[in-house]
Amino acid sequence: MNKPDKQKAFDKRYLRMARIWAENSYCQRRQVGALIVKNNAIISDGYNGTPSGFPNVCEDGNNVTFPYVLHAEANAISKLARSNNNSEGATLYVTASPCLECAKLIIQAGIKRVVYGEPYRIEDGLELLKKAGISVELLQIEHTK
């Protein structure tokens, strides 16, 4: 298997793993998972949910997401801050494309590549990542359960 094919195979596996990780989310409207990979090792993971110490409820009675709910990317990046790892040059695998706020965190974290499984309805996050010179790739894979 040549290098591009091998990378594509890894990308598909990591994205499937991010999808599985999203199942940890208590959010009802959308479950999103993220993995940060550096040197072929997963160095962090995250899924959307509430901050530590908050009840695991993401939406109010009208199914509106609480403003304090963290996105999967933000959880994975902030988890790195509590470890001895760093994400300089890493790849982020995320089940949905990043929003603008997460894109800013991705840029500041030194992540150089983002592979996502489905587009978010607003694409300003992707536009900012591209403007920052970060490689962005949509990789749609079959859902398996």
Side-chain angles (χ1 to χ4, degrees), residues 4 7-145:
Q7 183 60 57
K8 184 67 77 182
F10 276 120
D11 289 346
K12 288 178 180 178
R13 286 185 196 113
Y14 285 129
L15 199 53
R16 282 196 308 267
M17 291 169 73
R19 191 173 288 142
I20 291 167
W21 202 244
E23 294 174 12
N24 289 317
S25 173
Y26 287 89
C27 296
Q28 300 298 310
R29 289 182 58 218
R30 172 179 273 199
Q31 294 179 315
V32 179
L35 296 177
I36 300 175
V37 176
K38 184 175 178 179
N39 300 325
N40 296 320
I42 297 169
I43 59 170
S44 192
D45 55 61
Y47 51 87
N48 57 325
T50 57
S52 298
F54 281 68
N56 286 322
V57 178
C58 298
E59 297 90 2
D60 65 18
N62 296 318
N63 204 31
V64 175
T65 301
F66 290 119
Y68 54 80
V69 169
L70 291 162
H71 290 185
E73 308 93 303
N75 261 329
I77 291 168
S78 60
K79 196 175 192 180
L80 273 174
R82 299 177 84 178
S83 75
N84 292 325
N85 286 319
N86 74 69
S87 51
E88 190 67 39
T91 298
L92 171 72
Y93 295 89
V94 62
T95 57
S97 60
C99 70
L100 183 62
E101 292 303 312
C102 288
K104 291 186 238 179
L105 293 174
I106 291 164
I107 294 165
Q108 290 302 97
I111 292 168
K112 295 301 178 204
R113 185 168 175 255
V114 174
V115 178
Y116 65 99
E118 61 185 53
Y120 181 61
R121 61 184 167 79
I122 303 169
E123 295 192 0
D124 54 358
L126 290 176
E127 292 168 17
L128 184 64
L129 292 172
K130 291 174 188 173
K131 189 174 184 178
I134 294 172
S135 171
V136 175
E137 182 181 345
L138 170 62
L139 181 60
Q140 294 177 309
I141 56 176
E142 289 183 33
H143 288 268
T144 56
K145 274 226 171 194

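Remember, it's a predicted structure, so these values are computed and weren't measured experimentally. Values reported hereafter were calculated over all heavy atoms of this structure, with side chains retained and with hydrogens, waters and symmetry mates removed.
The one candidate from Asn48, Thr50, Asn75 that meets the side-chain hydrogen bond (donor to acceptor under 3.5 Å, both in side chains) condition with Ser25 is Asn48. Screening Val114, Asn40, Val115 against Thr91 for a side-chain contact (heavy atoms from CB on, under 4.5 Å) leaves a single residue, Val115.
Annotation: Asn63, atom CG; neighbour count of heavy atoms from other residues, nucleotides and ligands within 6.0 Å is above 12.
Of all the heavy atoms in Ala74 and Leu70, the pair that sits closest is CB-CD2, 4.4 Å. Considering all non-hydrogen atoms of both residues, Ala22 and Gly33 come closest at CB-N, 3.3 Å. Closest approach of Val32 and Ala96 over heavy atoms only: CG1-N, 4.2 Å. The minimum heavy-atom distance linking Ser87 with Ile36 is given by the pair CB-CG2, 4.1 Å. Shown here for Arg16 and Ile141, the closest heavy-atom pair between the two residues is CG-CD1, 3.2 Å. Smallest separation of non-hydrogen atoms from Ile43 and Leu80: O-CD2, 3.7 Å.
Put simply, the side chain of Glu59 reaches to within 4.5 Å of the side chain of Cys27, judged on heavy atoms. When side chains are defined from C-beta on, Leu138 counts as touching Pro119, because their heavy atoms get closer than 4.5 Å. For the pair Glu73/Ile111, no side-chain contact is recorded, criterion being any heavy-atom separation below 4.5 Å from C-beta on. The shortest distance between side-chain heavy atoms of Phe66 and Asp60 falls below 4.5 Å. Proximity of Thr95 to Tyr116: side-chain heavy atoms (C-beta onward) are nowhere separated by under 4.5 Å. The shortest distance between side-chain heavy atoms of Tyr93 and Lys12 does not fall below 4.5 Å. Side-chain contact between Pro98 and Leu129 is present, with at least one heavy-atom pair separated by less than 4.5 Å. Side-chain contact between Ile42 and Met17 is present, with at least one heavy-atom pair separated by less than 4.5 Å.
Put simply, the side chain of Glu123 never gets that close to the backbone of Arg121: no donor and acceptor are under 3.5 Å apart.
Put simply, CD1 on Ile77 and CG on Asn86 are 12.0 Å apart, with the number rounded to the nearest 0.5 Å. Note that the CG atom of Asp124 and the SG atom of Cys99 stand 8.0 Å from one another [nearest 0.5 Å]. We find the CD1-CD1 distance between Ile106 and Ile134 to be 7.0 Å, quoted to the nearest 0.5 Å.
Under 4.0 Å is where a charged nitrogen must lie from a carboxylate oxygen, and between Glu137 and Lys8 at least one such pair does.
Sorted by first then second residue, the salt bridge (Lys or Arg N to Asp or Glu O under 4.0 Å) pairs that include residues 86-101, not counting sequence neighbours, are Glu101-Lys104. Screening residues 26-52 for salt bridge (Lys or Arg N to Asp or Glu O under 4.0 Å), with sequence neighbours left out, gives Arg30-Glu118, Asp45-Lys79.
Note on ring orientation: taking the six-membered ring where Trp is involved, the planes of Trp21 and Tyr47 are perpendicular (angle over 60°, cut-offs 30° and 60°).
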